[in-house]
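Treat the numbers as computed from the prediction; the structure is a model and nothing was measured. Start at 1 and go down the list; that is how both ligands and their atoms are numbered.
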Amino acid sequence: MKNICIYGVGGVGGYFGAKMIQNNSNNHYHISLIARGNHLDKIQKSGLKLIGENETVVVHPDMATQNILEIPQPDLVLMCVKSYDLAAAVQDVNRVMTAETVILPLLNGINIPERIRIDTDKGAVLPACVYVGTHVAEPGVIKQKGGNGRIIFGDDRIKGAKAAVQTAAILKELSINCDYLPNPDLEIWTKYLFIAAYGTVTSATGKTLGEVYENNQLKSHVKAIMTEIVELASQKGVEFEEMEIMRSLDKAKSFPFEAKTSFQRDFENPLKKNEKELFVDNLLAIAEEFKVNVPMIEHYNLLLQDRAQ
Ligand SMILES: NC(=O)C1=CN([C@@H]2O[C@H](COP(=O)(O)OP(=O)(O)OC[C@H]3O[C@@H](n4cnc5c(N)ncnc54)[C@H](OP(=O)(O)O)[C@@H]3O)[C@@H](O)[C@H]2O)C=CC1
Ligand SMILES: CC(C)(CO)C(=O)C(=O)O
């Protein structure tokens, strides 16, 4: 039997955890959830509920715990925490990793494997991105608003294809919507182009994805941020197709009008940290490194700083 660990059972981890447990009907895999607080209590007592777009399911994991030392040594870890919790989560996972453990990180961002590698040199770390719109609606309950739940992932950037090929087989057996591309960098930047621009504008304005898309001025701001990101990507050696900005602008249409971005959800809660560092500060650092002007990103950086006070 292979052991799967979902580390962080929020919007993303809760969605994929529920799908995997639901589709593991032959018990081919042992699936553990690492969660905490009331959310963990509720999952332990009543299971994990996913209110999906077409159906609602309640699933019961093989184990749900906050203590990583209680779970069987994982073959595959879906890393599903926010970027501000990533280092601590990787240090925790590192305690149970072997040379064969694969980490599949589903965070937004363009340098997540490199960040994970700061805290572990074991196993494999696959570059990846995901399209899903989900959040914790209440303890024990995950709600989906859009997104097709598609994971795109590729080879460990240093160790090669073996881990990604094994992971593709596991995800396929568990009927997870995914694509394995040996080098997924362009796909990861494409997801980032969409979410960094829309995440920033939705957070700074408090408008939903649909409201931003329908507002000509705000949509032009999203487009300007995307144009600046395309220039920064090019400095990093990633070239987008000419049509990509228009395609990425229109991706907002595929989400319900009232959908919010995960950055925005955190930003609206003064008690929570947020991923500004991932979506804005990271871009400003690349702009600084390559001496590129990014006036719209800088404008939104100031707006976010003002709104945070
Ligand atoms: N939500 C979405 O639709 C999408 C999100 N993403 C990206 O995916 C990543 C995850 O986002 P999302 O799922 O929304 O985040 P959430 O905040 O909903 O989920 C993260 C979960 O991890 C838990 N967690 C963090 N550290 C630990 C720990 N040490 N032990 C146990 N539990 C822990 C958090 O608990 P607690 O609440 O107690 O902090 C929380 O339940 C982000 O990078 C985001 O940008 C990508 C695509 C879509
Ligand atoms: C917009 C969305 C839901 C798309 O997958 C997303 O990635 C996020 O909110 O972080």
Side-chain angles (χ1 to χ4, degrees), residues 5-18 32-43 48 64-68 70-71 77-95 104-112 115-116 128-152 177 188 190-203 208-210 212-213 222 248 251-256 258-269 271-279 282:
C5 165
I6 315 285
Y7 199 107
V9 188
V12 171
Y15 174 86
F16 286 105
S32 309
L33 304 181
I34 302 291
R36 62 188 175 191
N38 291 342
H39 191 49
L40 172 62
D41 294 344
K42 203 65 208 265
I43 295 169
L48 174 66
T65 177
Q66 183 169 359
N67 182 357
I68 193 113
E70 286 178 4
I71 70 167
V77 178
L78 262 63
M79 181 54 76
C80 303
V81 299
K82 288 270 169 57
S83 56
Y84 45 79
D85 285 325
L86 182 61
V90 176
Q91 286 158 21
D92 198 26
V93 168
N94 188 46
R95 302 197 290 161
L104 178 64
L106 299 182
L107 292 81
N108 280 311
I110 41 185
N111 59 359
I112 299 298
R115 288 175 65 162
I116 290 175
C129 64
V130 61
Y131 287 92
V132 71
T134 41
H135 65 278
V136 178
E138 58 183 274
V141 181
I142 310 296
K143 196 164 189 179
Q144 183 183 14
K145 281 210 175 103
N148 54 11
R150 176 170 166 249
I151 298 175
I152 302 144
N177 182 5
I188 290 172
T190 301
K191 167 69 201 287
Y192 184 76
L193 180 68
F194 165 72
I195 191 58
Y198 272 108
T200 297
V201 176
T202 53
S203 302
T208 67
L209 272 173
V212 169
Y213 185 78
V222 174
S248 289
K251 268 185 195 161
K253 272 199 297 192
S254 66
F255 287 86
E258 70 282 5
K260 294 183 176 184
T261 60
S262 55
F263 178 17
Q264 174 180 23
R265 284 184 183 284
D266 281 350
F267 198 78
E268 283 174 353
N269 184 344
L271 300 175
K272 284 199 94 172
K273 295 182 192 162
N274 64 62
E275 294 187 306
K276 174 172 173 289
E277 157 264 320
L278 199 69
F279 297 123
N282 214 352

key: N-O pairing of K273 and D266 below 4.0 Å   = no
query = With distance as the sole test, does T202 use its side chain to make a donor-acceptor pair with the main-chain N or O of G199 at under 3.5 Å?
reply = yes
inquiry  = So, using side-chain hydrogen bond (donor to acceptor under 3.5 Å, both in side chains) as the criterion, who are the partners of E275 when residues are at least two apart?
reply    = S83
Six-ring centre of Y131, K191 cation under 6.0 angstrom, axis tolerance 45° = yes
message = Just to verify, what does A196 make a side chain to side chain contact (heavy atoms under 4.5 Å, CB included) with, not counting sequence neighbours?
response = Y192, I229, F279, L283
message = Does S203 form a side-chain contact (heavy atoms from CB on, under 4.5 Å) with K276? I'd like the steps, not just the answer.
response = CA-CA 9 Å; S203 302; K276 174 172 173 289; over 6 Å; no
key: Partners passing side-chain hydrogen bond (donor to acceptor under 3.5 Å, both in side chains) against K260 (at least two apart in sequence or in another chain)   = E268
ask   = Looking only at distance, does T134 have an N or O less than 3.5 Å from an N or O of ligand 1?
value = yes
task = Answer yes or no: is there an ion pair linking R115 with E277, defined by an N-O contact shorter than 4.0 Å?
result = yes
remark   = Going by the 4.0 angstrom heavy-atom rule, the piece of A88 near ligand 1 is neither
query = Are any of the N or O atoms of N108 closer than 3.5 Å to those of ligand 1?
reply = yes
Heavy-atom protein contact below 4.0 Å for atom 17 (O) of ligand 1 = yes
inquiry  = Any nitrogen or oxygen of V132, side chain or backbone, less than 3.5 Å from one on ligand 1?
reply    = yes
key: ligand 1 to R36 polar contact by distance, N or O atoms, under 3.5 Å   = yes
task = Compute the shortest N/O to N/O distance between F279 and ligand 1 and return yes if it is under 3.5 Å, no if not.
result = no
inquiry  = Less than 4.0 Å is my threshold; does some heavy atom of Y131 fall inside it relative to ligand 1?
reply    = no
query = Could an N or O of ligand 1 be found under 3.5 Å from any N or O of G11, whether backbone or side chain?
reply = yes
query = Counting distance only, does the side-chain N/O of N177 pair as donor-acceptor with the main-chain N or O of N148 below 3.5 Å?
reply = yes
note = To atom 47 (C) of ligand 1, the nearest of E275, K191, Q66, R265 on a heavy-atom basis is K191
Check ligand 2 for N or O atoms under 3.5 Å from a protein N or O and list each pair with its distance.
residue  : atom   : partner : partner atom : Å
ligand 2 : 5 (O)  : V132    : N            : 3.2
ligand 2 : 5 (O)  : V132    : O            : 3.0
ligand 2 : 5 (O)  : K191    : NZ           : 3.4
ligand 2 : 7 (O)  : K191    : NZ           : 2.6
ligand 2 : 9 (O)  : S262    : N            : 2.7
ligand 2 : 9 (O)  : S262    : OG           : 3.3
ligand 2 : 10 (O) : N108    : ND2          : 2.9
ligand 2 : 10 (O) : S262    : OG           : 2.5

message = Would you say NZ of K42 has more than 12 non-hydrogen atoms from neighbouring residues, nucleotides or ligands within 6.0 angstrom?
response = no
